[in-house]
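Throughout, protein chains are lettered first and strands after them, A, B, ... in sequence-line order, and every chain is numbered starting at 1.
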Protein chains: 2
Amino acid sequence: MIERHLMRLRARDDIGAAEEAAIRGAVSVIRPASPGTVLVRAGEEVDVSILLLSGVIARQKDLLDGRRQITELHVAGDFTDLHGFTLKRLDHDVVALSACSIALFPHRRIQEITEQHPHLGRVYWFLTNLDAAIHREWEVSLGRRTALERMAHLFCELQVRLKLVGLADDGGYALPLTQGAVAECLGLTTVHVNRTLKQLKDDGVAELRRGRLAIFDLASLRRVAGFDPAYLYLEKRNR
Amino acid sequence: MIERHLMRLRARDDIGAAEEAAIRGAVSVIRPASPGTVLVRAGEEVDVSILLLSGVIARQKDLLDGRRQITELHVAGDFTDLHGFTLKRLDHDVVALSACSIALFPHRRIQEITEQHPHLGRVYWFLTNLDAAIHREWEVSLGRRTALERMAHLFCELQVRLKLVGLADDGGYALPLTQGAVAECLGLTTVHVNRTLKQLKDDGVAELRRGRLAIFDLASLRRVAGFDPAYLYLEKRNR
DNA sequence: CGTGCCCTTGAGTACAATCAACGTTCGTGG
DNA sequence: CCACGAACGTTGATTGTACTCAAGGGCACG
């Protein structure tokens, strides 16, 4: 249930039995969400955070004239809005991009955890800082990478993050996104995403079809992207 | 000395005398930094965080071929790398863009603070989440805003952040950046920044000259930017 | 008073956007 | 089971914003 979340934590930190119990005890409601559901609206006060069990969820920001940017994608095991614990309201929407299963984590319990399990509190602080590191890498993509590089970089990032929770291998992974959603991640138009996907496919690198990314050649994909996973902080940390 | 930092904290939260004492007691060395100094190198292990007392500091990421993106600007009162406390090493450089004065804040003291002053711990967690919110807004700029909108938006953001610590008013503020540095913030080239600045000036909105941004018409600047300061979380929070 | 950095402007180019049309897939109801 | 509609995907033609390349000007500092 929250196994993928624990996998994600344990990839980087030792989590003791008492800490695991605290986490398990904090999770309340579990429920499904269908594609397109807005789970949290920007500006709205929040007193729970959402733990994503399966599916893909986006953080997205809209401009008044309809332009839209997705600022981060979330996969199974991620908190989609742990930062809401300190921010109290979000500056962005949280939207299900595919069929999802989510669990709710009341902020009251997060506060208890930070006070009773300081190490676990730091682990959760780390998770929000990891989201910020991902934002920074996306800023680099949006500001300095070409369309092809951006796309390849996104696919590399998701490959690593999904592999960490057992949902990807070197040959690909489930990626239930429309080309429009990919465009909103990459700061491009749907049309240009379509052409860029075609180029990746024609070059024998990867192909996105029917909700699955097939990676023909992971080394090529990483080369095209100029991918360095350091920003994902994959190494194990000490207490 | 760390007055601007306290101003920044108190703009959003009540900070008690014991908390203030804990902060003051944690700050060790104070030293200057000249323009261009790299204060922290990406990948390097860190055990202190930097509190900026005056000047402008950038977080910047470089690609192998020399392309560079600044992911956030810091002004007096900001921590430039509080996230280093949980990340242990940074995914970006920290670079002085102007003459600066900085104070060092050992991570050991941050850990003590979070354990002895849980509320203050949450305030510092909040600060790192605020940086993430700024990153998200920059993603929107880089992905979806035009050059003119991006530039106006950056100038609006800095106006608000500097006003909070008493370093800006509606007529402008000191902004000791080269056009090249502005370009690295906005994902543009120096040449295009020069032309976009000229447009802002010719339109009677604002002018950047000799290290100072003169704002002719703040309302116009905000209109051009489509600026909404909600992402800066300016409202006072309760414990 | 020269040297280097930064700023400015012009001319030509390219990457991605826009506009437009058509094709495909999938879910739904008849 | 098939017909239909809507959403998603594909392709072509054209336009435009921002990049590149290039050269000259201003200013500060030694």
* Keeping to residues at least two apart or across chains, list the ring pair (Phe, Tyr, Trp, His ring centres under 6.0 Å) pairs with something in residues 129-154 of chain A. => His153(A)-Phe227(A), His153(A)-Tyr231(A)

* Asked: Pairs in or reaching into residues 35-48 of chain A: which pass salt bridge (Lys or Arg N to Asp or Glu O under 4.0 Å), with residues at least two apart or in two chains?
  -> none

* Asked: Is the shortest distance from a Lys or Arg side-chain nitrogen in Glu184(B) or Arg144(A) to a carboxylate oxygen in the other one below 4.0 Å?
  -> no

* **Salt-bridge contact Glu137(B)-Lys61(A) (side-chain N to carboxylate O under 4.0 Å)** => yes

* Starting at CG of Leu142(A) and ending at P of dA17(C), how long is that distance when rounded to a whole Å? -> 11 Å

Donor-acceptor list for residues 160-168 of chain B side chains, cut-off 3.5 Å, not counting sequence neighbours:
residue: Arg161(B); atom: NH1; partner: Leu73(B); partner atom: O; Å: 3.2
residue: Arg161(B); atom: NH1; partner: Glu157(B); partner atom: OE2; Å: 2.8
residue: Arg161(B); atom: NH2; partner: Leu73(B); partner atom: O; Å: 2.8
residue: Arg161(B); atom: NH2; partner: Asp78(B); partner atom: OD2; Å: 2.7
residue: Lys163(B); atom: NZ; partner: Asp170(B); partner atom: OD1; Å: 3.2

All side-chain contact (heavy atoms from CB on, under 4.5 Å) counterparts of [X], not counting sequence neighbours:
| X | value |
| --- | --- |
| Leu197(A) | Met151(A), Phe155(A), Gln179(A), Val193(A), Leu208(A) |
| Asp65(B) | Leu63(B), Arg67(B) |
| Asp169(A) | none |
| Arg212(B) | none |

* Structure fact -> Rounded to the nearest 0.5 Å, the CG atom of Leu87(B) sits from the CG atom of Leu130(A) at a distance of 7.5 Å

* To do: Could you check which residues of residues 144-153 of chain A get a heavy atom under 4.0 Å from DNA chain C? Sort them by number, please.
  => Thr146(A), Ala147(A)

* side-chain hydrogen bond (donor to acceptor under 3.5 Å, both in side chains) with Arg59(B): which of Thr80(B), Asp81(B), Asp131(B)? -> Asp131(B)

* Asked: How would you list, by chain and number, every residue that makes a salt bridge (charged side-chain N to carboxylate O under 4.0 Å, His left out) with Arg68(A), sequence neighbours excluded?
  -> Asp62(A)

* **Leading and trailing nucleotides of DNA chain D with any atom under 4.0 Å from heavy atoms of chain B** => dA18(D) to dC21(D)

* Going by heavy atoms closer than 4.0 Å, what residues in residues 171-198 of chain A are next to DNA chain D? -> Thr178(A), Gln179(A), Val191(A), Asn194(A), Arg195(A), Lys198(A)

* What does the inter-axis angle of the helix from dC1(C)-dG30(D) to dG30(C)-dC1(D) come out as, five pairs per end, nearest 10 degrees? -> 40°

